[in-house]
Number of protein chains: 2
Amino acid sequence: MAEKSESSRDAILAAARREFAARGYAGARMEAIARRAGINKAMLFYYFSSKEKLYQTILHEVMSEFFTQISGLVTTELTPALFMEKFPELYIRLCADHPDFVRIVAFDLIHNPDNICAVMAGIISQMTSFQPHPLFELIKRWHEKGLISEADPIHFMMNIVSLSIFSFIGKPMVEAISGIRVASDKDFYRKRVTSVVNVLKQGMLK
Amino acid sequence: MAEKSESSRDAILAAARREFAARGYAGARMEAIARRAGINKAMLFYYFSSKEKLYQTILHEVMSEFFTQISGLVTTELTPALFMEKFPELYIRLCADHPDFVRIVAFDLIHNPDNICAVMAGIISQMTSFQPHPLFELIKRWHEKGLISEADPIHFMMNIVSLSIFSFIGKPMVEAISGIRVASDKDFYRKRVTSVVNVLKQGMLK
DNA sequence: GAATGGTTTAACCATATGGTTAATATAACA
DNA sequence: TGTTATATTAACCATATGGTTAAACCATTC
């Protein structure tokens with residue numbers, strides 16, 4: 001019985017993730033989530049008392065996954081060069097493997113930044129393995145030692161994150177404008193990593 | 001009377017732009033648009049026969065503005081260095097001046113890429129002053145001449161566009177993670193331009 | 001000043017949608 | 001086997017929402 005209940009809950013979460021990713025919060029339909037999960041709509045409200053609550057659960061799940069993965073990076077003996085290699089590598093793979101996550105987070109960043117920022121802050125404060133402040137201090141020291149050219153850690157990170165993530169949102173746009181369609185997504189993202197790492201190391205390493 | 005009609009139409013368009021940007025297509029309410037425009041809801045349907053049509057009008061308007069501005073760039077005698085300076089400069093200013101535009105386009109890129117790509121393609125094909133294919137050919141030639149390090153024009157453009165646009169979506173995220181709040185948006189985006197231009201020129205120019 | 005044509009409104013309508021209820025099925029356990 | 005707690009469903013409900021209608025308003029023209 002516990003099994004059945006678990007499978008229902010999981011089915012709901014999986015279906016909800018897809019639906020929210022595909023249509024955004026306002027566009028998502030509880031009915032559609034139920035159908036996708038192969039259950040009755042009333043079940044949704046049995047397991048999750050409201051649309052809002054279901055959404056927050058998903059959001060939390062998604063963000064946790066991301067931060068857990070990233071925390072693995074920062075523990076290493078970090079050099080700027082290593083960081084600029086490993087971060088895009090990890091981030092681009094992560095986004096490519098979980099396209100739904102990117103859409104959900106991006107949507108919330110655009111339309112509900114306060115909420116998602118609160119969720120992030122909550123997750124970070126609960127994690128013992130990853131605290132961002134030391135990372136930003138480290139970046140500052142890298143510049144003081146003359147290892148990197150960008151003095152402001154915010155812009156340093158922004159450059160890395162931009163190059164890593166944006167293609168997942170902007171790819172269709174660049175394709176539409178250029179008229180060039182990338183042949184295979186897998187190849188595209190592999191090439192993306194090398195291009196990003198090159199630009200970063202050449203562009204920000206002193 | 002023509003004045004009054006024009007002002008109603010314009011009021012609707014302005015209100016719709018704000019509402020769609022704030023809540024996305026599905027979350028936007030025709031009622032709310034009417035209220036924001038200071039008119040009756042029925043007026044919306046008098047001027048724009050449906051929500052979908054109103055949205056498409058906005059989308060078209062927004063994209064046209066963008067492409068018109070960008071077309072001004074490409075006509076110049078273009079060198080890679082010049083391009084890497086002027087493009088981020090223009091793009092970041094444009095996005096900072098029209099935050100609604102960014103949100104609308106980003107939303108559609110995430111949830112409805114086919115539609116917005118079709119709109120883009122339509123606008124480009126109608127413009128005589130900007131055709132992207134020659135630009136992409138030019139980029140290819142820059143690499144053949146040994147002026148830039150990235151061989152693939154798609155990734156070359158992707159790097160430039162990513163660095164220019166992403167901060168408008170990701171700023172709250174980086175702020176939340178770092179715990180650092182940027183003091184003034186104006187200063188932030190000015191610094192953003194210099195940081196981006198530095199990375200690009202150092203990172204992609206040979 | 002009445003006819004004309006675009007503009008504006010209040011009052012409606014049909015339907016979609018988040019959410020509820022009361023009853024049933026099912027497994028576990030005493 | 002009867003009791004209990006959880007899981008599941010069909011049928012509802014209230015409200016929100018995109019869209020409509022018919023009448024009024026107003027400026028212009030004849």
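Throughout, a chain's letter reflects where its sequence line sits, starting with A, and its residues are numbered from 1. Values below: all heavy atoms of this structure, side chains included; hydrogens, waters and symmetry mates excluded. None of these values were measured; they are calculated from a predicted model.
- With sequence neighbours excluded, the residues forming a ring-ring contact (aromatic ring centres under 6.0 Å, His included) with A/Phe107 are A/His111, B/Phe107, B/His111, listed by chain and number.
- Applying the side-chain contact (heavy atoms from CB on, under 4.5 Å) rule to A/Val119 yields the partners A/Gln56, A/Leu59, A/His60, A/Met63, A/Asn115, A/Ile123; only residues at least two apart in sequence or on another chain are considered.
- Remark: A/Ala11 engages A/Ala37 in a side-chain contact (heavy atoms from CB on, under 4.5 Å) (not counting sequence neighbours).
- Legend: residues meeting side-chain contact (heavy atoms from CB on, under 4.5 Å) with B/Val193, ordered by chain and number and at least two apart, are B/Glu89, B/Ile92, B/Val197.
- A 6.0 Å sphere centred on CZ of B/Arg18 holds no more than 12 heavy atoms belonging to other residues, nucleotides or ligands.
- When the P atom of C/dT17 is taken as reference, atom CG of A/Leu44 falls 14 Å away, rounded to whole Å.
- Distance CZ (A/Phe20) to C1' (C/dG18): 12 Å, rounded to an integer number of Å.
- The stretch residues 23-34 of chain B has no heavy atom under 4.0 Å from DNA chain C, so no residue of it qualifies as close.
- The phosphate of C/dT8 (OP1 or OP2) has a side-chain N or O of B/Ser8 nearer than 4.0 angstrom.
- When the P atom of C/dT17 is taken as reference, atom CZ of A/Phe45 falls 12 Å away, rounded to whole Å.
- Checked by atom type, the side-chain pair B/Glu52/B/Tyr25 shows a donor-acceptor distance below 3.5 Å.
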### Query
When you look at B/Arg23 and B/Glu19, which way does the salt bridge (Lys or Arg N to Asp or Glu O under 4.0 Å) test go after all the steps?
CA-CA 6 Å; B/Arg23 308 193 197 287; B/Glu19 175 76 4; 3.2 Å; yes
N/O to N/O distances under 3.5 Å, protein versus nucleotides 9-13 of chain C:
residue	atom	partner	partner atom	Å
C/dT9	OP2	B/Asn40	N	3.2
C/dA10	OP2	B/Asn40	ND2	3.1
C/dA10	N7	B/Asn40	ND2	3.4

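- Here the P atom of nucleotide C/dT8 and the CZ atom of B/Arg9 are 13 Å apart, to the nearest Å.
- At least one donor-acceptor pair closer than 3.5 Å links the side chain of A/Thr194 to the backbone N or O of A/Lys191.
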